[in-house]
Enquirer: 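Take this structure, written in structure tokens, and hold onto it; I'll ask about it next.
Residue numbers begin at 1 in each chain, while the letters A, B, ... track the order of the sequences.
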Amino acid sequence: MRLSRYFLPILRDTPKEAEIVSHRLMLRAGMIRQQSAGIYAWLPLGLRVLNKINAVIREEQNRAGAVELLMPVIQSADLWRESGRYEDYGKEMLRIKDRHEREMLFGPTNEEMITEIFRTYVRSYKDLPLNLYHIQWKFRDEVRPRFGVMRSREFLMKDAYSFDLTAEGAQHSYNKMFVAYLRTFARLGLTAIPMVADTGPIGGNLSHEFIILAPTGESDVFCHKDYLSFTPPAADVNFDDPKAMQSEVDRFTSLYSATSEKHDEAAYEALPDEAKVSARGIEVGHIFYFGTKYSEPMKAVVSGPEGKDVTVHMGSYGIGPSRLVAALIEANHDDNGIIWPDDIAPFRVGIANLKSGDAATDAACEDIYAKLTKAGVDVLYDDRDERAGAKFATMDLIGLPYQVIVGPKGLADGQVELKIRRSGEREMLSPEAVLNRLLATISPAI
RNA sequence: CGGGGUAUAGCGCAGCCUGGUAGCGCAUCUGCUUUGGGAGCAGAGGGUCGCAAGUUCGAAUCUUGCUGCCCCGACCA
């Protein structure tokens with residue numbers, strides 16, 4: 001992408017409403033635009049990041065055997081009356097009426113709808129287990145939205161729903177998502193710690209939140225320090241092997257960890273002092289097993305092996321990609337701006353033409369741009385007629401991991417500069433060497 | 001939902017107390033000079049001063065009502 005033809009509304013000043021660093025940087029980098037309290041437009045740069053996060057989530061959901069579909073954002077109130085949640089959900093649910101005065105709602109979650117779909121088509125135990133997911137916008141009318149997309153009213157969520165014949169099967173489904181989540185967060189470069197959680201209005205008796213530690217987090221959390229250095233489940237872990245899944249889950253639930261709602265002061269105090277971690281955390285995922293809470297009232301039943309109807313056991317599994325964008329920035333930034341992980345960056349490489357209009361620098365930039373683009377690398381080529389300083393500042397602000405700096409001085413020696421955003425390291429290399437170096441950074445499919 | 005703020009150009013702000021028809025910096029546009037870490041000079045464009053009613057010869061400024069937004073708390077897959 002040529003920056004001169006892109007839409008990247010950078011702000012030099014920080015809008016005063018932005019309190020936390022991720023919100024400030026998302027506004028300054030032209031990623032989002034607030035439209036109303038807790039409601040944001042995603043501008044091109046922000047959308048790129050959101051889509052990259054979604055891609056990782058999809059790969060790991062699919063690997064774990066979940067199947068993607070897409071459900072609507074607007075739902076019928078009648079569906080929610082079946083489960084009894086239309087009355088229970090309260091003012092967080094945005095209720096609307098269509099032209100025929102029919103009661104509708106903007107979905108805060110999709111348990112009822114997925115259960116309706118499931119019960120319509122799935123009749124036999126032979127079709128189980130089944131895990132269906134989608135990535136769709138949700139709306140929860142929070143009393144006080146804040147911190148940009150970290151705590152917004154409209155937000156994107158990946159929500160998966162599992163269906164099993166038995167509680168044992170449901171445990172395996174739960175474990176698969178547990179492992180998939182660990183892998184997903186690890187691939188995003190985040191250390192997420194599973195914590196025993198409150199089940200809230202979703203209900204159920206087995207639930208974990210996945211928390212990443214950050215000073216701007218909204219939850220008080222407590223855990224064993226060793227969690228910070230756990231290695232995530234491997235790519236070739238066998239999701240169909242219940243024992244393998246259970247042992248991974250056991251490994252990640254072996255040490256103390258809890259949010260303040262479930263905190264056990266005595267258990268925590270029993271830890272050695274050097275193992276105690278008391279911090280703030282951001283909830284980036286939440287998984288539940290809730291048995292027949294929805295399948296029972298909504299009559300989601302299948303014929304069992306003995307020919308008798310069996311009410312299915314369900315679980316649901318959420319990740320907030322829009323919140324993850326903010327969480328990633330909270331975990332990856334410095335005074336100059338965002339520092340994206342390679343695979344999440346809106347563009348992996350930035351090319352700064354320090355003298356647009358100069359035949360030699362233009363030619364060198366065009367050549368590098370063309371070759372990287374042809375190799376399938378996302379490149380942002382800053383071909384604007386701007387001063388060098390402005391180009392450096394822009395690339396650092398939007399956090400491009402690799403920056404190729406092309407100017408007349410270097411080209412006189414046949415060299416361009418490669419700068420690594422995260423370390424600040426810079427090196428003068430030939431254009432060919434830079435290309436080889438950049439292509440080598442593209443990690444093979446995990 | 002309680003408490004506290006705030007609303008003036010795309011962003012950050014001044015002007016309000018003491019009413020006289022709107023200003024600064026950044027950004028944008030033009031020209032010239034510059035050109036390796038957010039350049040300089042000169043000029044230009046851009047605002048129903050959140051909305052409504054009232055007081056007044058005259059309201060960004062005073063009064064009343066409403067609304068948006070932000071912060072603290074409570075709340076929160």
Enquirer: To the side chain of Lys16(A), which of rG12(B), rC72(B), rC76(B) is closest?
Expert: rG12(B)
Enquirer: Find the partner of rC29(B): check Watson-Crick (N1-N3 plus N6-O4 or O6-N4) and G-U wobble (N1-O2, O6-N3) distances, both under 3.5 Å, and reply none if neither fits.
Expert: rG43(B)
Enquirer: Could you pick out which residue, Ser36(A) or Thr394(A), lies toward the 5' side of RNA chain B when each is mapped onto its nearest nucleotide?
Expert: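 It is Thr394(A), whose closest nucleotide lies nearer the 5' terminus.
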Enquirer: Using a heavy-atom cut-off of 4.0 Å across all strands, would you classify Lys419(A) as base, sugar-phosphate, or nothing?
Expert: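 Lys419(A): base contact, heavy atoms under 4.0 Å.
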Enquirer: Using Watson-Crick or G-U wobble geometry with both distances below 3.5 Å, tell me the partner of rC75(B), or none.
Expert: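 The base-pairing partner of rC75(B), which may sit in any strand shown, does not exist here.
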Enquirer: Taking atom P of rC26(B) as reference, at what distance in whole Å does atom CG of Leu397(A) sit?
Expert: 19 Å
Enquirer: What distance, rounded to whole Å, do you find between the two C1' atoms, one in rU8(B) and one in rG68(B)?
Expert: 15 Å
Enquirer: For rG68(B), does either OP1 or OP2 sit under 4.0 Å from a side-chain N or O belonging to Gln34(A)?
Expert: no
Enquirer: For rC57(B) and rG73(B), measure between their C1' atoms and round to the nearest Å.
Expert: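 Rounded to whole Å, the distance is 49 Å.
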Enquirer: Go through the N and O atoms of the side chain of Arg151(A) and the base of rC75(B), and report whether any donor-acceptor pair is under 3.5 Å.
Expert: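 Looking at the base of rC75(B), it does pair with a donor or acceptor on the side chain of Arg151(A) (distance under 3.5 Å).
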Enquirer: If I pick the C1' atom on rG50(B) and the same atom on rU61(B), what distance separates them, to the nearest angstrom?
Expert: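 Nearest-Å result for rU61(B) against rG50(B) at atom C1': 16 Å.
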Enquirer: Paired with rC16(B): which nucleotide, if any, by Watson-Crick or G-U wobble criteria at under 3.5 Å for both distances?
Expert: none
Enquirer: Just how far, in rounded Å, is P of rA74(B) from CD of Glu261(A)?
Expert: 12 Å
Enquirer: Looking across every strand, which nucleic acid part, if any, lies under 4.0 Å from Ala393(A) by heavy atom: base, sugar-phosphate, or nothing?
Expert: base
Enquirer: Can you check whether any acceptor in the base of rG38(B) is under 3.5 Å from a donor in the side chain of Glu386(A), or vice versa?
Expert: no
Enquirer: For rA27(B), does OP1 or OP2 lie under 4.0 Å from any side-chain N or O of Arg12(A)?
Expert: yes
Enquirer: Just checking Glu218(A): base, sugar-phosphate only, or nothing, at a heavy-atom cut-off of under 4.0 Å?
Expert: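 Since no nucleic acid heavy atom lies under 4.0 Å of Glu218(A), the category is nothing.
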Enquirer: Is rG37(B) paired to anything, Watson-Crick or G-U wobble with both distances less than 3.5 Å, and if yes, which nucleotide?
Expert: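 Pairing partner: none.
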Enquirer: Nearest-Å distance, CD (Glu142(A)) to P (rC1(B))?
Expert: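 Interatomic distance, CD of Glu142(A) to P of rC1(B): 15 Å.
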Enquirer: Distance-only check: which donor-acceptor pairs under 3.5 Å involve side-chain atoms of residues 29-42 of chain A, not counting sequence neighbours?
Expert:
unit_1, atom_1, unit_2, atom_2, d
Gln34(A), OE1, Tyr40(A), OH, 3.3
Gln34(A), NE2, Ser36(A), O, 3.4

Enquirer: Using side chain to side chain donor-acceptor pair (under 3.5 Å), reason through Glu261(A) and Thr259(A) one step at a time and then give a plain yes or no.
Expert: CA-CA 6 Å; Glu261(A) 298 87 40; Thr259(A) 60; 2.9 Å; yes
Enquirer: With a 6.0 Å cut-off on the ring centroids, do Tyr317(A) and Phe178(A) count as close?
Expert: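 Ring centroids of Tyr317(A) and Phe178(A) are no less than 6.0 Å from each other.
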Enquirer: Rounded to whole Å, how long is the line connecting atom CZ of Phe147(A) with atom P of rC69(B)?
Expert: 17 Å
Enquirer: Just call it for Gly410(A): base, sugar-phosphate, or nothing, with non-hydrogen atoms closer than 4.0 Å on any strand.
Expert: base
Enquirer: Indicate, with a heavy-atom threshold strictly under 4.0 Å, whether Arg153(A) touches base, sugar-phosphate, or nothing.
Expert: nothing
Enquirer: With a 3.5 Å cut-off and just heavy-atom distances, do the side chain of Arg426(A) and the base of rG37(B) make a donor-acceptor pair?
Expert: yes
Enquirer: Taking only the P atom of each, what is the distance from rA22(B) to rU48(B) in whole angstrom?
Expert: 13 Å
Enquirer: What integer number of Å spans the P atoms of rG4(B) and rG25(B)?
Expert: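 Per the computed distance, 37 Å lies between those P atoms.
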Enquirer: When all nucleic acid strands are considered with a 4.0 Å heavy-atom cut-off, which category describes Asp159(A): base, sugar-phosphate, or nothing?
Expert: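 It contacts nothing in the nucleic acid.
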Enquirer: To the nearest Å, give me how far apart CD (Glu17(A)) and P (rA7(B)) are.
Expert: 14 Å
Enquirer: If you assign each of Val143(A) and Pro15(A) to its closest nucleotide in RNA chain B, which residue comes earlier from the 5' end?
Expert: Val143(A)
Enquirer: Check the phosphate of rC1(B) against Lys91(A), side-chain N and O only, distance under 4.0 Å to OP1 or OP2. Yes or no?
Expert: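 For rC1(B), OP1 or OP2 has a side-chain N or O of Lys91(A) closer than 4.0 Å.
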Enquirer: Can you label the angle between the Tyr268(A) ring and the Tyr256(A) ring as parallel, tilted or perpendicular, going by 30° and 60°?
Expert: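 Tyr268(A) and Tyr256(A): tilted rings.
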Enquirer: Quick check on rA39(B): is either OP1 or OP2 less than 4.0 Å from any side-chain nitrogen or oxygen of Arg387(A)?
Expert: yes
Enquirer: Just to verify, which of Ile338(A), Ile398(A), Leu397(A) counts as forming a side chain to side chain contact (heavy atoms under 4.5 Å, CB included) with Arg28(A)?
Expert: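 That would be Leu397(A); it is the only one of Ile338(A), Ile398(A), Leu397(A) passing the side chain to side chain contact (heavy atoms under 4.5 Å, CB included) with Arg28(A).
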Enquirer: Check whether the ring centres of Phe252(A) and Phe230(A) lie less than 6.0 Å apart, and answer yes or no.
Expert: yes
Enquirer: Please report the distance, rounded to the nearest Å, between CZ in Phe155(A) and P in rC76(B).
Expert: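 So the two atoms are 15 Å apart, to the nearest Å.
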Enquirer: Just checking Phe222(A) against His263(A), ring centres under 6.0 Å apart?
Expert: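 Phe222(A) vs His263(A): aromatic centres under 6.0 Å.
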Enquirer: Across all strands shown, which nucleotide pairs with rU21(B) by Watson-Crick or G-U wobble geometry, both distances under 3.5 Å?
Expert: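 No nucleotide pairs with rU21(B).
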Enquirer: Using the six-membered ring wherever Trp is involved, compare the ring planes of Phe185(A) and Phe210(A) and label them parallel, tilted or perpendicular (cut-offs 30° and 60°).
Expert: tilted
Enquirer: Return the nucleotide paired to rA9(B): Watson-Crick means purine N1 to pyrimidine N3 with N6-O4 or O6-N4, wobble means G-U with N1-O2 and O6-N3, both under 3.5 Å.
Expert: none
Enquirer: Does CG in Asp413(A) sit with more than 12 non-hydrogen atoms of other residues, nucleotides or ligands closer than 6.0 Å?
Expert: yes
Enquirer: Within 45° of the six-membered ring axis of Tyr86(A) and under 6.0 Å from that ring's centre, is NZ or CZ of Arg95(A) located there?
Expert: yes
Enquirer: How many whole angstroms separate atom CD of Glu19(A) from atom P of rG4(B)?
Expert: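 My rounded result for the distance is 19 Å.
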Enquirer: Counting any heavy atom closer than 4.0 Å, what does Ile405(A) reach on the DNA or RNA strands: base, sugar-phosphate only, or nothing?
Expert: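 If one applies the 4.0 Å heavy-atom cut-off, Ile405(A) turns out to touch a base.
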Enquirer: If we take the P atom in both rG47(B) and rU55(B), what is their distance in whole Å?
Expert: 30 Å
Enquirer: Can you tell me the distance, in whole Å, between the CG atom of Leu8(A) and the P atom of rG38(B)?
Expert: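 In whole Å, rG38(B) P lies 19 Å from Leu8(A) CG.
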Enquirer: Quick test: give all pairs of protein nitrogen or oxygen and nucleotides 23-25 of chain B nitrogen or oxygen below 3.5 Å, distance rounded to 0.1 Å.
Expert:
unit_1, atom_1, unit_2, atom_2, d
rG25(B), N2, Asp13(A), OD2, 3.3

Enquirer: Taking OP1 and OP2 of rC71(B), is either one under 4.0 Å from a side-chain nitrogen or oxygen of Arg144(A)?
Expert: yes
Enquirer: When the C1' atoms of rC13(B) and rU6(B) are compared, how many Å lie between them, rounded to an integer?
Expert: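 Comparing C1' positions in rU6(B) and rC13(B) gives a spacing of 13 Å.
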Enquirer: Taking pairing as Watson-Crick or G-U wobble with both contacts under 3.5 Å, can you name the mate of rA52(B), or confirm there isn't one?
Expert: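 For rA52(B), the partner nucleotide comes out as rU64(B), under the 3.5 Å rule.
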Enquirer: Measuring only the P atom in each nucleotide, how far is rU35(B) from rC72(B)? A whole number of Å is fine.
Expert: 47 Å
Enquirer: The side chain of Ala37(A) lies closest to which of these nucleotides: rC75(B), rG38(B), rC69(B)?
Expert: rC69(B)
Enquirer: Select base, sugar-phosphate, or nothing to describe what Lys355(A) touches, counting heavy atoms under 4.0 Å on all strands.
Expert: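 Lys355(A): no heavy atom of the nucleic acid under 4.0 Å.
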Enquirer: So Phe155(A) and Trp137(A), ring pair (Phe, Tyr, Trp, His ring centres under 6.0 Å) or not? Walk me through it.
Expert: CA-CA 6 Å; Phe155(A) 59 99; Trp137(A) 294 95; 8.4 Å; no
Enquirer: Would you please test His134(A) and Asp159(A) for side-chain contact (heavy atoms from CB on, under 4.5 Å) and show each step?
Expert: CA-CA 6 Å; His134(A) 71 163; Asp159(A) 38 326; 2.9 Å; yes
Enquirer: Of the nucleotides rG38(B), rC76(B), rG36(B), which one has an atom closest to the side chain of Ile10(A)?
Expert: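 Ranking rG38(B), rC76(B), rG36(B) by closest atom to the Ile10(A) side chain puts rG38(B) first.
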